[in-house]
Every structure is written in C-alpha cells, then in structure tokens.
Colleague: 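First, the structure itself, so that you have it in front of you.
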Amino acid sequence: MSAIVEKMSAESEQIKSKKGRKASKAKNDSNTIADSSKATEESSVSTPPARVEEEADKENRGVSIKKQGGRKKETLKNVSNLLPASASLEDELQEMTIKLQKMNLEKERMDKLLEERDALLKEKDAELQLKEKNQEKLQENLKKLQKMKEFKPVISFPLDQSLHNGEHAKDEKKKKKADTSRQKKPSTPYILWVQDQWNQVKSENPCIAFKDMGAIMGAKWKALSAEEKKPYEEKYESEKEAYLQVVGKEKRENEALKLLHEEQKHKTALDLLEQYLQYKKVAEEDEKSKRKKEKDPLKPKQPLTAFFAFTNERRAALLVEKHNVLEISKILGKEWSSMSKEERAPYEQIAAEAKESYNQEMDLYKQKKAEEASSISREEEEHRKLEREQALRLLRKKEKEETLKKTINLNLQQKKQEKEKKADPNKPKKPLTSFFLFSKETRKKLANERSGISNDDIISLISIKWKDLGDAEKQMWEDQAARAMVQYKKEMEEYKKNLQQTQDSNTIKPQQKKQQKEKNTDPNRPKKPPSSFLIFRKETRKKLAEERPGISNAEVTGIISIKWRELGDAERQIWDNQAANAMVQYKKEMKEYTEKVKTQRIQFSQEEMEVGSSTSSIGTS
C-alpha cells in the first residue's frame, strides 16, 4: 500500500510541473492573439477578403486553445482533490470489509427467516386442508340431519325437582333460617352457667367492662366444683340428644329425597331413550319407503301371457298399416275379446311353455340364492368363531402378563425380604466418622450434665461445640476415625476372601451345566413322536396355506383350534390312530437303541478288563 501511495504522489508532481509549463504558453498565446486582433482592426480596410478569412480562422484557433487550457486546469484541480483520498485507502478498505461482513450476516439472517416463513406457510396450508375436510364432513352430517325430522321429546319434570333448582332452593334455605320452631344447636354447660350468673356478677361489678367480665366469669367457672357443674352438663346432654334426633331425621329425609330425585331422573332418561328409539324407527321406515328397490339383474323375468303373445305376433302387421299406438291397442283388445277358445289355444300354449321355463329358472335362481346365503352365513360364523378365538387368546395373554407382573413383584418383595433376613451378621460394620465419634461422647456428657434437655437442643449444642474446636483437638478425633477405617478395611478383605471360597465350593456355573447336557445328549437317540393334535395341525396348516396364501399366522392358529374342537369322534380317532402308530414305532426304536447302548457298554467294559489284565501281566514280568 505504501508503494502505491508513493507512485501516486510522484505522478501528481509530474502533472503539476506540466501544468505550469502549459499555463505560461497559454499566456503568451493570449498576448499574441490580442496584438493580432488590433492589427486586423487597423488593416481591415486595406486587406483583401481572402486575408480577412485567414485571420478569422486564426482567431477561432486562439479561442479553442484558451478553452483547452481551462479544461486542463479543472482536471488538475480534480487530481489534486483525489490525492489526499489515496492516503486513506487502507481505512476505506477496512471499512469496506466490515460492511461486507455485515452484509453477509444480514443475508444469512434473511435466509433463515425465509426458511422459517416457508415452514410456517406449509403448516398453515396443512391446517387449512384439514379444516376444509372437517367442514365437508360437517356439511354432510348437517345434510343428513336436515333430511331427518326434528326430534321433539315430551318430558314432564316433577314438582319437587323444580323446587330444588335455582331460586326455590335459596328461598327454602332462607325459610329454614327464619323458622323459630326449628330445633337449635344446644349451648354448652359453660354458656348455660353464664346465662344464669351473668346478672348477679354484673350487679356486683356495675362499672366493669365487657372484656373483664369474660375473664371474671372464666375464673369463677374454673373454681366451681364438679357437683356444681353437674346440673348444667346434664341439661346440655339432654338438649344434645333431642337435637341429634331432629338432625338425624332431617338427614334421613334428605337422603330419601335424593334417592327419589335420582330415580325420577333415571325414569325421565329412559322415557327420552324410548322416544328417541321410536323416532329413529319411524325415520328409518320413511327412508326405506322412499328408497327404490334395486332389481337383481340375474333374476329371471316374468313370463308372457297368452294375450301378450298374441299382441307380439299381430303388432307388426298393424304397424305396416300405419296405425297409431292407441288405435293398435284398441284393435288388439277387440280382436282378443272376439277370438274363440280354439283360436286362443296356440297362444295359451306358448304362455304355458314360457311359465314352465320361468318356474324352472326361478327354482335355479332360488337355489343359487340359498347357496349364496348359506355360504355367507358360514363365512360369518367362521369369522365370529375366529374373532372369539382371537379375543380369548388376547384375554389369556393379558391374564398371563398380569400373573407374570404379580409373580415378578412378589419375587422382588421376597428377594428384598430375603436380603434383609440374609444380612450377614459376620460382615464387618462401617466405622464412625470423626464428627460422629465426637458427638457420641459429647451426647453422654450433656445427658449427665443437663438431665431435662431435649434432643434438638443436644444436636445444636454438639454442632456448636464441633465448630468451636481447634485444629489440634479436631485432629485427635480424625486420628481415631482413621485407625477405625484401617481396621475395617482389613476385616473386609478377610470377609470377601472367605465369601469367595464358600461360593466357589457351593456353586456350579450355568455354562458348565449346559455343556454337560449337550455332552450327555446322544444324536442317534430316537425322538419322541408328535401328538394327534400336532399331526392334525401340520396337515391343516399346509391346506390353509394353499387355499389362502395371504392369511396371517394368528388366523391360521385360530382356524386350526376351531376345526379341532368341531371334529367328531370318528374323525378324531383317525388322528389318534396315527399318533398311536407313531408311538409304537418310537417304542420299537427305543428298545433297539437301549439294547445297542447296553451291548456297547458291555463291550467297552470287556475291553477295559482285557487292557487291565494285560497291563498287570506286563507289570509282574
């Protein structure tokens, strides 16, 4: 940057020097132009027109030179103004970088705000779509309700119920308060005595205040003996009994009234329900009557009568004659009525044949309908059975889960109890800290010094004394605690060693048990055969998989269990026989297997004996 500034300053100096030179030339030129103008004025009369034109051209050139000089001056002034700005380029660059940073930050903020705004707009669009859907549903429901008649129930509320609502209840409360004949709460024995003795005490102390009067009466009541208080107490008890009887009756009456009101509400609710059900029935019947019965396209059409067979044959000829529809119908009617039995016979035969074919088709149609209805009913029954089976399975699962939870909770409680019981008495206890050792001794001293002191006072005194202790005294208690901790650690190490030894001797690892079982199991041993139900399940599962490829495992198990229950004795006997045959085969194989094992053991023992005898003979030799 410093090099750039130096270059700029050198260039400005060169421009200044050129400026000075050009200005001097311009001055000289202006003087020569002025002298020449004077000469032209003097010799304008004597000179020819060509010379005059040349001189005019020279004058114009002089003016243009002056103008150029002025422009150069202006440009130099602008350069001189720019030179001091070049010195502060570093500051301007720094300012520009700061501004750019600020602009970038503002841009990032704006981008974030725009993203948030887009997200909000999307959420609002989703909400609007949901609202539109809900509005459509509501409009559909409203249309349905508008189609139906208004439900206007007839309800007759009892008088007692109306009295217990609103302002009537408040009036009743006011009447109860204002009723003088109503039993009041009995006053206590002290108040009864005060009522008797008030005038007497007031006459003895006429100038006494009300507050002091109460204190005097209280002191006198305390000074009274039990015999003097007895009549007032008896009076209070008798009044109390009478009051309780009245209150008990009122409570009972109120409870009875509550029950009555509840029953009345229940009855009104039932009446409303009945009225609504009747209204719904009527509305459904109206809707059914309004609806047109949909005709079955597969149902055979009604057969032709003899008259319609005749009309079908004769209509074509009448249409050729160009008769009207009404005229054709009148002509056909007259002709049919004028026809004899012999003439009607062929048409009646056609009608009879059509009726026979119709009856046959109707029988087939009814048979198909019955088959369809029976298949639908079977499917519905199967579906119901499946649902019941699935529901029972879910119930069993739930019961199992509940029982498991209960057993787990019981086991946890038992474990806790066992842990508490099995708390090893031989396990060393943790030693006390320095503060607890100090508090133990100071508590004994304080109990001896102050016999009636409370536990809270003792605790606060101990904490104060502990805070007041010096470093040397506190160090004594800390040394005692440290010694006890060292002893505790030694005891704990010995205890852990003994525990480990006992555990190693008593327990066998579960992995070892598994390995032993795996070793003991022989792969050549014959497997147990499946039961009759398992054989049945295997075959039915295959059939169901072929018939219904997309059926779930839960549905398969449900159908199998239903089918097994519905099996008769004869059908079940087939599966039992299969299971029995498999069991007989298993027993034979097991016999052979056991005999083989025995022979192998005998051979092994003989080989061991031979090896033992050979080794003994070698030893003797």
Side-chain angles (χ1 to χ4, degrees), residues 133 137 294 296-299 364-412 510-511 513-594:
K133 283 179 183 176
K137 282 179 183 177
E294 291 178 357
D296 191 0
L298 299 169
K299 192 176 179 180
L364 289 165
Y365 173 76
K366 283 174 182 176
Q367 198 175 347
K368 277 181 182 178
K369 279 279 175 187
E371 283 173 2
E372 282 175 5
S374 63
S375 66
I376 288 159
S377 63
R378 278 173 201 162
E379 283 174 4
E380 283 176 354
E381 279 177 8
E382 280 182 5
H383 186 68
R384 282 170 197 159
K385 284 174 183 177
L386 264 171
E387 278 184 340
R388 283 172 194 164
E389 195 64 36
Q390 284 171 356
L392 284 164
R393 283 180 73 202
L394 282 167
L395 208 150
R396 284 168 201 150
K397 261 191 179 182
K398 203 175 183 183
E399 284 172 353
K400 278 180 182 179
E401 284 172 2
E402 284 173 358
T403 49
L404 271 168
K405 281 178 184 177
K406 283 177 183 177
T407 49
I408 288 157
N409 289 326
L410 281 165
N411 287 328
L412 287 166
Q511 287 180 354
K513 284 182 180 179
K514 277 185 182 179
Q515 287 170 2
Q516 284 173 3
K517 279 183 181 179
E518 285 171 2
K519 282 177 184 177
N520 292 329
T521 53
D522 190 0
N524 299 319
R525 188 188 173 101
K527 289 177 182 178
K528 260 194 173 183
S531 62
S532 54
F533 172 70
L534 290 171
I535 295 160
F536 168 77
R537 190 177 72 177
K538 198 175 182 181
E539 285 200 13
T540 47
R541 193 181 283 278
K542 285 177 185 176
K543 284 177 185 177
L544 286 165
E546 287 171 2
E547 288 169 5
R548 302 178 191 178
I551 198 166
S552 65
N553 193 32
E555 286 177 344
V556 167
T557 50
I559 289 160
I560 288 161
S561 60
I562 289 158
K563 283 187 175 181
W564 177 255
R565 283 174 192 168
E566 287 175 352
L567 282 174
D569 295 328
E571 289 172 337
R572 201 172 272 192
Q573 192 63 43
I574 295 159
W575 303 108
D576 290 335
N577 291 333
Q578 283 186 26
N581 292 329
M583 185 56 78
V584 168
Q585 186 66 29
Y586 168 72
K587 282 176 179 177
K588 281 180 182 178
E589 286 173 358
M590 274 300 289
K591 266 187 180 181
E592 289 172 2
Y593 173 74
T594 48

Colleague: Can you pull the side-chain hydrogen bond (donor to acceptor under 3.5 Å, both in side chains) pairs that have at least one residue in residues 561-571, sequence neighbours excluded?
Modeller: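 Sorted result for residues 561-571: K385-E566, E389-S561, E389-R565.
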
Colleague: If you take all heavy atoms of A579 and S531, which pair is closest and at what distance?
Modeller: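 What the structure gives for the nearest pair is CB-C, 4.0 Å.
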
Colleague: Just how far is it from atom CD1 of I535 to atom CD1 of I574, taken to the nearest 0.5 Å?
Modeller: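 The distance works out to 12.5 Å.
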
Colleague: Quick one: side chains of residues 536-548, donor-acceptor pairs under 3.5 Å with protein atoms, not counting sequence neighbours, listed by atom name and distance.
Modeller:
| from | atom 1 | to | atom 2 | distance (Å) |
| --- | --- | --- | --- | --- |
| T540 | OG1 | F536 | O | 2.8 |
| T540 | OG1 | R537 | O | 3.1 |
| R541 | NH1 | N553 | OD1 | 3.1 |

Colleague: About how many Å separate OG1 of T407 and CG of L412, when rounded to the nearest 0.5 Å?
Modeller: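 These two atoms lie 9.5 Å from each other.
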
Colleague: Quick one: CD1 on I408 to CD on E401, what's the gap to the nearest 0.5 Å?
Modeller: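 So the gap between those two atoms works out to 10.0 Å.
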
Colleague: Once rounded to the nearest 0.5 Å, what's the spacing between atom CD of E399 and atom CD of E402?
Modeller: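 E399 CD to E402 CD: 7.0 Å, rounded to 0.5 Å.
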
Colleague: Tell me, which pairs form a side-chain hydrogen bond (donor to acceptor under 3.5 Å, both in side chains) where one or both residues lie in residues 368-378, sequence neighbours left out?
Modeller: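 Every side-chain hydrogen bond (donor to acceptor under 3.5 Å, both in side chains) pair that includes a residue of residues 368-378, provided the two are not neighbours, is D296-K369.
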
Colleague: Rounded to the nearest 0.5 Å, what separates atom CG in L364 from atom CG in L298?
Modeller: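 Going from the CG atom of L364 to the CG atom of L298 covers 12.5 Å.
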
Colleague: Dump the intermediate steps for side-chain contact (heavy atoms from CB on, under 4.5 Å) on N581 and Q585, then the final yes or no.
Modeller: CA-CA 6 Å; N581 292 329; Q585 186 66 29; over 6 Å; no

Colleague: Count the heavy atoms belonging to other residues, nucleotides or ligands that lie under 6.0 Å from CZ of R572, then report whether that count exceeds 12.
Modeller: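 Enclosed: over 12 neighbouring heavy atoms sit under 6.0 Å from CZ of R572.
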
Colleague: Measure the spacing between CZ of R388 and CD1 of I562 and express it to the nearest 0.5 Å.
Modeller: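 R388 atom CZ to I562 atom CD1 measures 9.5 Å (nearest 0.5 Å).
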
Colleague: Kindly determine whether E387 and H383 satisfy side chain to side chain donor-acceptor pair (under 3.5 Å), including the steps that lead there.
Modeller: CA-CA 6 Å; E387 278 184 340; H383 186 68; 3.2 Å; yes

Colleague: Should M583 and K528 count as side-chain neighbours, where that means a heavy-atom distance under 4.5 Å?
Modeller: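 Answer no - side chains too far apart.
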
Colleague: Taking all atoms of both residues into account, what is the closest heavy-atom pair of Y586 and P526, and its distance?
Modeller: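 Heavy-atom minimum between the residues: CE1-O, 3.5 Å.
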
